[in-house]
Q: 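There's a structure below that I have some questions on.
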Amino acid sequence: MSQRSEAGAEVLERISALLPEIEKRAQECEDQRRIPTETIDALDEVGFFKLVQPAQWGGYEVDPVTYYEAVRRIASACGSTGWVSSILGIHNWHLALFPQQAQDEVWGDDPSVRIGSSYAPMGMGEVVDGGYKVNGEWHWSSGCDHAQWTFVGGPVFKNGKPVDFVSFLLPRSDYEIRDVWHVAGLKGTGSNTLVVKDAFVPSHRMLSFRAMATGTAPGLENNTAPVYKMPWGTIHPTVISTPVVGMGYGAYAAHVEAQGKRVRAAYAGEKAKDDPFGKVRIAEAASDIDAAWRQLSGNVQDEYDCILAGQEVPMEMRLRARRDQVRASQRSISAIDRLFEAAGARALDSDQPLQRFWRDAHAGRVHAANDAERAYQAYANGEFGIPIGDTMV
């Protein structure tokens, strides 16, 4: 087990001190349909966005478990804020794998510049002289209003045929943000649509997913810290599950606090904290949420330890991480469901945090990275020696 860096530990302490402020803004976050600028600025100030940023750009290059721990804490205060933080923050890790010229363009004048994303293939790039012509409409770009650049994913076509699957890096001037985010859960993520029309993307602002999978990404030449050798198929899906687990912790804390004060009028003034059935639900939920986090973070740590030992992360370990990543989301959501069912009618009030965590967690479940059946199928294929087709491994 590797030790947490001093810088990482300090950032975690600062984030913990920031949580009451984030929690107070949770309703404002929903009302605005985006993370309040004050929250983003505060996270920037405490060093969150530096956690997995390269040292050459003032970053801390911490171990991945420290990064996810930071996300888990933020999400326990506000689900939407945890979701956006997780996604925006990991993009500094992704940019570190791009050619140095791309990093220079994004961070050369201001290392605090943030990058958004929408990786699902909702558009494409066509090979042209010096780069690619990119077109498409990419939905669900969480936190895009707080980013000055974006990654969009899609196939590369040459002579009418797909030849690669990549991420394109575009500046804010090359895409339009279409405000369409009117939803039931994760309301504050501002996950709007990016519209790209005939944008020219030079070759150095494209990165193949194949290069990340094979450890040949050009950014590794200068960014040599172990965290950049982590598999994309673990890093990205864990970015999606960790906020859901954080919501589990937040919902649990909110439920225990509320039940400790609740008097059940329908049961002759019985105190909820004296209800034996309610206590069983609390214990079960606590166990499942803890199990989710232990497996999720434990698998990431195992992979990182493998890299520290100079070894390649084996497919068996990656498949296990993917299996438990979706399981962590399932466990956390089921735990929140059990608590919500026992919370009483007052939990439905719009100013109650439990209903917000409940909605946010279920909204997070619909992300492709939380498609449990596909992840389980990939794991079973590995057990049977069948070729793995899941790109998120």
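When a residue number appears, it is its place in the shown sequence, counting from 1. Just so it is clear, the structure is predicted and the values come from calculations on it, not from any experiment.
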Q: A side-chain contact here means heavy atoms from C-beta on lying under 4.5 Å apart; do Arg320 and Asp302 qualify?
A: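 Yes, at least one pair of side-chain atoms sits under 4.5 Å.
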
Q: Arg205 versus Pro171: any side-chain heavy-atom pair under 4.5 Å?
A: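 Answer yes - side chains close enough.
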
Q: For Phe151, run the ring-ring contact (aromatic ring centres under 6.0 Å, His included) check against Trp93, Phe168, Phe98 and tell me which one passes.
A: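 Of the listed options, the one satisfying the test is Phe98.
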
Q: Test Glu137 against Arg178 for side chain to side chain contact (heavy atoms under 4.5 Å, CB included), laying out the working first.
A: CA-CA 9 Å; Glu137 292 190 10; Arg178 187 173 294 162; 3.2 Å; yes

Q: Check whether Ile307 and Tyr228 end up in the same hydrophobic cluster, where Ile, Leu, Val, Met, Phe, Trp and Tyr are linked by side-chain heavy atoms less than 4.5 Å apart.
A: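 Both belong to a single hydrophobic cluster.
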
Q: Any chance the side chains of Asp305 and Gln301 put a donor and an acceptor closer than 3.5 Å?
A: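 Yes, because at least one side-chain N or O of Asp305 sits under 3.5 Å from a partner of the opposite role on Gln301.
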
Q: Supply the atom-to-atom distance Ser332 OG to Asn370 CG, rounded to the nearest 0.5 angstrom.
A: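 If we round to the nearest 0.5 Å, Ser332:OG and Asn370:CG are 9.5 Å apart.
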
Q: Hey, can you pull the donor-acceptor pairs under 3.5 Å for the side chains in residues 216-223, sequence neighbours left out?
A:
from, atom 1, to, atom 2, distance (Å)
Thr216, OG1, Ala211, O, 3.4
Thr216, OG1, Thr214, OG1, 2.9
Asn222, ND2, Gln100, OE1, 2.9
Asn223, OD1, Gln56, NE2, 2.8
Asn223, ND2, Ala96, O, 2.8
Asn223, ND2, Gln103, OE1, 3.1

Q: What distance do Gln355 atom CD and Ile336 atom CD1 have between them, rounded to the nearest 0.5 Å?
A: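 Taking CD in Gln355 and CD1 in Ile336, the distance rounds to 12.0 Å.
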
Q: Please test Tyr304 against Val313 for side chain to side chain contact (heavy atoms under 4.5 Å, CB included), starting from the C-alpha separation and ending with a verdict.
A: CA-CA 8 Å; Tyr304 190 66; Val313 179; over 6 Å; no

Q: Take atom CD in Glu38; do more than 12 heavy atoms of anything else shown fall under 6.0 Å from it?
A: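 It does: Glu38 CD has more than 12 such atoms within range.
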
Q: Counting only N and O atoms by type, is there a donor-acceptor contact under 3.5 Å from the side chain of Arg331 to the main-chain atoms of Asp288?
A: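 The answer is no, because no donor-acceptor pair under 3.5 Å joins these two groups.
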
Q: Assess the side chains of Gln352 and Arg356: does a donor N or O sit below 3.5 Å from an acceptor N or O?
A: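 No, no side-chain donor-acceptor contact under 3.5 Å.
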
Q: Identify the heavy atoms of His146 and Ile35 that sit nearest to each other, and give their distance.
A: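 Looking at all heavy atoms of both residues, the closest pair is NE2-O, 2.8 Å.
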
Q: Do Gln377 and Arg374 get their side chains close enough for a donor-acceptor pair, meaning under 3.5 Å?
A: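 Per modelled atom types, Gln377 and Arg374 side chains form no pair under 3.5 Å.
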
Q: Do Leu207 and His94 touch side chain to side chain, with heavy atoms closer than 4.5 Å?
A: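 Yes, close enough: below the 4.5 Å cut-off.
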
Q: Treating Tyr379 as the side-chain partner and Ala321 as the backbone partner, does any N or O pair qualify as donor plus acceptor under 3.5 Å?
A: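 The answer is no, because no donor-acceptor pair under 3.5 Å joins these two groups.
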
Q: Decide whether a cation-pi geometry holds between Arg172 and Tyr175; the criteria are a distance under 6.0 Å from NZ or CZ to the six-membered ring centre and an angle within 45° of the ring axis.
A: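 Here Arg172 passes the 6.0 Å and 45° test against Tyr175.
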
Q: Nearest 0.5 Å, what's the CG-CD1 distance between Asp371 and Ile240?
A: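 Result: 13.0 Å between the selected atoms.
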
Q: Is there a path of hydrophobic side-chain contacts, each under 4.5 Å between heavy atoms, that joins Val256 and Leu339?
A: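 Yes; tracing contacts between hydrophobic side chains, which count when under 4.5 Å, links both residues.
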
Q: Got a sec: does the CG of Asp274 have more than 12 other heavy atoms crowding it under 6.0 Å?
A: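 More than 12 within 6.0 Å, yes.
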
Q: Keeping Tyr249 on the side-chain end and Arg72 on the backbone end, is there a donor-acceptor pair under 3.5 Å?
A: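 Side chain of Tyr249 to backbone of Arg72: no pair is present.
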
Q: Could you check whether any side-chain N or O of Glu61 sits under 3.5 Å from a backbone N or O of Ala55, counting only pairs where one atom can act as donor and the other as acceptor?
A: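 Side chain of Glu61 to backbone of Ala55: a pair is present.
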
Q: Without swapping roles, check the side chain of Trp138 against the backbone of Ala120 for a donor-acceptor pair under 3.5 Å.
A: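 Here the side-chain-to-backbone pair exists.
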
Q: Do Arg359 and Glu30 sit within salt-bridge range, that is, some charged N less than 4.0 Å from a carboxylate O?
A: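 Salt bridge between Arg359 and Glu30, a charged N being under 4.0 Å from a carboxylate O: yes.
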
Q: Just checking Lys158: does its NZ atom have more than 12 heavy atoms from other residues, nucleotides or ligands closer to it than 6.0 angstrom?
A: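 Counting other residues, nucleotides and ligands, NZ of Lys158 stays at 12 neighbours or fewer.
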
Q: With no hydrogens and no angle check, is any side-chain donor or acceptor of Trp181 less than 3.5 Å from a backbone partner on Leu186?
A: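 Yes, Trp181 side chain to Leu186 backbone: donor-acceptor pair under 3.5 Å.
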
Q: As a quick check of understanding, evaluate side chain to side chain contact (heavy atoms under 4.5 Å, CB included) for Tyr68 and Ile235, giving each step before the final call.
A: CA-CA 10 Å; Tyr68 294 124; Ile235 287 288; 3.5 Å; yes

Q: Between His91 and Ile115, is there a donor-acceptor pair closer than 3.5 Å when you use the side chain of the first and the backbone of the second?
A: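 Looks like yes, one N/O pair under 3.5 Å.
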
Q: Under a plain distance cut-off of 3.5 Å, with no hydrogens placed, do Gln325 and Ser241 share a side-chain donor-acceptor pair?
A: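 Yes.
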
Q: Could you tell me whether Arg33 atom CZ has more than 12 heavy atoms of other residues or ligands within 6.0 Å of it?
A: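 Buried by this count: over 12 neighbours within 6.0 Å.
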
Q: Look only at the side chain of Ser287 and the backbone of Ala283, and say whether a donor-acceptor pair between them is shorter than 3.5 Å.
A: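 No, because the side chain of Ser287 does not come within donor-acceptor range (under 3.5 Å) of the backbone of Ala283.
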
Q: What pair of heavy atoms forms the shortest contact from Trp57 to Pro111, and how long is it?
A: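 Closest approach of Trp57 to Pro111, heavy atoms only: O-CB, 3.5 Å.
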
Q: Side chains of Ser5 and Asp63: any donor to acceptor distance under 3.5 Å?
A: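 Checked: Asp63/Ser5 side chains show no N/O donor-acceptor pair below 3.5 Å.
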
Q: Any non-hydrogen side-chain atom of Arg114 less than 4.5 Å from a side-chain atom of Gln148?
A: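 Touching, per the 4.5 Å side-chain cut-off.
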
Q: Would you call Tyr376 and Arg323 a side-chain contact if the rule is heavy atoms closer than 4.5 Å?
A: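 The answer is yes, as the side chains (C-beta and beyond) meet within the 4.5 Å cut-off.
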
Q: Between Ser80 and Asp360, is there a side-chain heavy-atom distance shorter than 4.5 Å?
A: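 Of all side-chain heavy-atom pairs linking Ser80 with Asp360, at least one is under 4.5 Å.
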
Q: Keeping Ser208 on the side-chain end and Arg210 on the backbone end, is there a donor-acceptor pair under 3.5 Å?
A: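 Pair found, side chain donor or acceptor close to backbone of Arg210.
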
Q: Please check if the number of heavy atoms outside Glu10 that lie under 6.0 Å from its CD is greater than 12.
A: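 Enclosed.
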
Q: Measure the CD-CG distance between Glu303 and Leu308 for me, rounded to the nearest 0.5 Å.
A: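 CG of Leu308 is found 12.0 Å from CD of Glu303.
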
Q: Quick check on the hydrophobic clustering: are Tyr119 and Val326 connected, directly or via other members, by side-chain heavy-atom contacts under 4.5 Å?
A: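 Per the 4.5 Å side-chain linkage, Tyr119 and Val326 are not co-clustered.
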
Q: Rounded to the nearest 0.5 Å, what's the gap from CD1 on Ile177 to CG on Leu194? Could you check?
A: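 Going from the CD1 atom of Ile177 to the CG atom of Leu194 covers 6.5 Å.
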
Q: Could you state the interatomic distance from CZ (Arg34) to SG (Cys144), rounded to the nearest 0.5 Å?
A: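 Going from CZ on Arg34 over to SG on Cys144, the span is 9.0 Å.
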
Q: Should we count CD of Glu45 as having more than 12 external heavy atoms under 6.0 Å?
A: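 Atom CD in Glu45 is not crowded, with 12 or fewer foreign heavy atoms closer than 6.0 Å.
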
Q: Got more than 12 heavy atoms from elsewhere within 6.0 Å of CD, Glu312?
A: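 No, not enclosed.
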
Q: Check for a donor-acceptor pair, side chain of Ser118 on one end and backbone N or O of His139 on the other, with a separation under 3.5 Å.
A: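 Checked: pair present.
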
Q: Find out if a path of hydrophobic residues (ILVMFWY) with successive side-chain heavy-atom gaps under 4.5 Å connects Met317 to Val227.
A: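 Linked within one cluster.
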
Q: Kindly say whether the aromatic ring centers of His236 and Phe209 come within a distance under 6.0 Å.
A: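 No, they do not, as the ring centres are separated by 6.0 Å or more.
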
Q: Under the salt bridge (Lys or Arg N to Asp or Glu O under 4.0 Å) rule, collect the residues that match up with Glu341, sequence neighbours excluded.
A: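 Applying salt bridge (Lys or Arg N to Asp or Glu O under 4.0 Å) to Glu341 gives Arg281.
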
Q: Side chain to side chain contact (heavy atoms under 4.5 Å, CB included), that's the test. Do Leu296 and Thr238 meet it? Break it down for me.
A: CA-CA 8 Å; Leu296 192 69; Thr238 306; 4.0 Å; yes

Q: Does any non-hydrogen side-chain atom of Thr234 lie less than 4.5 Å from one of Asn299?
A: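 Result no, sub-4.5 Å side-chain heavy-atom pair not found.
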
Q: When you look at CG of Asp129, are more than 12 heavy atoms from neighbouring residues, nucleotides or ligands closer to it than 6.0 Å?
A: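 Not buried by this count: 12 neighbours or fewer within 6.0 Å.
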
Q: So do the side chains of Val127 and Tyr132 get within less than 4.5 Å of each other, counting heavy atoms only?
A: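 Touching, per the 4.5 Å side-chain cut-off.
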
Q: Should Phe49 and Leu19 be regarded as members of a common hydrophobic cluster, given that ILVMFWY residues are connected when their side-chain heavy atoms come within less than 4.5 Å of each other, either directly or indirectly?
A: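 Yes; tracing contacts between hydrophobic side chains, which count when under 4.5 Å, links both residues.
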
